[in-house]
Amino acid sequence: MDINRYSPSFVLKKKHLIGLSDYSTEEIFEILYAIKALKRKFDAHEDTHILRGTTIALMFAETSIRTRSAIEIGTAQLGGTCISLPYSKQDMEAGENIRDTVNVISRYGINALITRGIDKKMLNEFTADSEIPIINSHNEDCVPIQALCDLYTIWEKMGELNGVKLAIVGKGTSTISSFMIGAVKCGMDVSIAMPTGYGLKRENIEAAEQLGKIYFTDNPILAVRDADVVYTSAYHYHSVISETEKNDLAPYKVDAGLMSYAKHSAIFMHPLPATRGLEVTADVIDGKKSAVYDQGENRLHTVKAILTLLAK
């Protein structure tokens, strides 16, 4: 399906956003068009107080600089209020009832709950009983906000999604899994190069392969050859990387040499945080082909689009 031939209604029938596996191509397009509309309003300094009188709650089990900033600033720009709720895994394990929690806070006037670092099992409990939208920003299985942000950035830069060649190299992460599924749903040609032992979860690969063909290899040059977009992500976010891992992943570092196999017009993407010299060299991520800061900005507009469609 060609996104440029799609006519958006700016309506989502979905109640929650946990992962892109649950979303159709059309529903992804709805969000991408909402991002485009809201970014245009932002650039034109237009009033977008769509969420005036709305309260968005955050329940973060992990720290985050850019995601939290995007949510808090985006909510304010939409005229809403953003608050942080205390989260303790110990409280949850000690008997804090999920159903009681989400349904009580909805009576406090909360219009949506955004979570981070809450595992898939607990999120399923949240969504099963919640009377308000639950939005997963990041967990061990899905990172849908980043995936949508990255899809929009590619559309913005390339003018297309369908047929765009995406090369993903490096270590398999939940960010990569979400992006892979979203890219295939949008008609992109996906090539992935990862060393043995650092790949994606089998169930995520199978889910993506049901949607389209993905080329897997352990040779980064083969994956990157003639690519429109070269993508990698953090190797040790909220974790420590060993010397063995560094050595195993070294051939997958995105440097000028690897980028030379992509198209001359290719862009480099990274969701941040990035370790220059580990998964990417400074000359690439800080170079003219880098779209990293565009991705960073677009996270704000992505959050605003999701909240507009789910929480208004």
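Legend: residues meeting ring-ring contact (aromatic ring centres under 6.0 Å, His included) with Y6, ordered by chain and number and at least two apart, are F29. Take K165 and apply the salt bridge (charged side-chain N to carboxylate O under 4.0 Å, His left out) test, not counting sequence neighbours, and it matches no residue. Among residues two or more places apart in sequence or in another chain, the salt bridge (charged side-chain N to carboxylate O under 4.0 Å, His left out) test is passed with E30 by none. By the side chain to side chain contact (heavy atoms under 4.5 Å, CB included) test, D283 is found to be paired with A256, T281, residues two or more places apart in sequence or in another chain being considered. Not a single side chain to side chain contact (heavy atoms under 4.5 Å, CB included) links A76 to another residue, sequence neighbours left out. The salt bridge (charged side-chain N to carboxylate O under 4.0 Å, His left out) check on K15 picks up nothing, with sequence neighbours excluded. Among residues two or more places apart in sequence or in another chain, the side chain to side chain contact (heavy atoms under 4.5 Å, CB included) test is passed with A282 by R276, D286. Residues that satisfy the ring-ring contact (aromatic ring centres under 6.0 Å, His included) test with Y33, not counting sequence neighbours, are W155. By the salt bridge (charged side-chain N to carboxylate O under 4.0 Å, His left out) test, K36 pairs with no residue at all, sequence neighbours left out. Every side chain to side chain contact (heavy atoms under 4.5 Å, CB included) that E156 has, sequence neighbours left out, goes to K39, Y152, N298.
A side-chain donor-acceptor contact under 3.5 Å links T232 to the backbone of V169. Side chain of K185 to main chain of S21: a donor-acceptor pair is present (N/O by atom type, distance under 3.5 Å, no hydrogens or angles). T275 contributes no side-chain N or O that, together with a main-chain N or O of L278, makes up a donor-acceptor pair within less than 3.5 Å. At distances below 3.5 Å, not a single donor-acceptor pair connects side-chain atoms of T55 with backbone N or O atoms of I110.
Within the model, atoms OG1 of T54 and CG of L51 stand 4.5 Å from one another, a figure rounded to the nearest 0.5 Å. Atom NZ of K121 sits about 14.5 Å away from atom CG of D141, to the nearest 0.5 Å. We find the CD1-CD1 distance between I154 and I267 to be 6.0 Å, quoted to the nearest 0.5 Å.
When the side chains of ILVMFWY residues are joined at heavy-atom separations under 4.5 Å, either directly or via intervening members, M259 and M158 end up in two distinct hydrophobic clusters. Both I145 and L32 are members of a single hydrophobic cluster when ILVMFWY side chains are connected at heavy-atom separations under 4.5 Å.
Looking at heavy atoms from C-beta onward, P8 lies out of side-chain contact with E26 at the 4.5 angstrom threshold. Side chains of T67 and H138 form no contact here, defined as non-hydrogen atoms less than 4.5 Å apart. The side-chain heavy atoms of L307 and I114, taken from C-beta on, include a pair separated by under 4.5 Å. In this structure, the side chains of K289 and V284 stay at 4.5 Å or more apart for every pair of heavy atoms. Side-chain atoms of K201 and N204, non-hydrogen and from C-beta on, do get closer than 4.5 Å to each other. Residues L200 and M194 form a side-chain contact, since some pair of their non-hydrogen atoms from C-beta on lies under 4.5 Å apart. With a 4.5 Å cut-off on side-chain heavy atoms, F60 and S137 count as touching. The shortest side-chain heavy-atom distance between I118 and N136 does not fall under the 4.5 Å cut-off.
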Expected list for residues 208-218: side-chain donor-acceptor pairs under 3.5 angstrom, two or more places apart:
| unit_1 | atom_1 | unit_2 | atom_2 | d |
| --- | --- | --- | --- | --- |
| E209 | OE1 | R202 | NH2 | 3.3 |
| T217 | OG1 | N219 | N | 3.0 |

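Residues F42, L300 make up the rest of the hydrophobic cluster containing I73, defined by ILVMFWY side-chain heavy atoms closer than 4.5 Å, directly or through other members.
Residue E297 forms a side chain to side chain donor-acceptor pair (under 3.5 Å) with just one option from R299, Q295, H301, and that option is H301.
Figure legend: cation-pi geometry between K14 and Y23, with NZ or CZ positioned under 6.0 Å from the six-membered ring centre and within 45° of its axis.
Enclosure of atom OH in Y261 is not indicated, since only 12 or fewer non-hydrogen atoms of other residues, nucleotides or ligands lie within 6.0 angstrom. The environment of K120 atom NZ is sparse: at most 12 non-hydrogen atoms of other residues, nucleotides or ligands sit within 6.0 angstrom. More than 12 heavy atoms of other residues, nucleotides or ligands sit less than 6.0 Å from atom CZ of F10.
A donor and an acceptor atom, one from each side chain of N247 and E243, are nowhere located under 3.5 Å apart.
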Let's go through Q77 and H49 carefully: what are the C-alpha distance in whole Å and the side-chain angles of both, what is the deciding distance for side-chain hydrogen bond (donor to acceptor under 3.5 Å, both in side chains) to 0.1 Å, and is it a yes or a no? CA-CA 7 Å; Q77 290 178 358; H49 287 177; over 6 Å; no

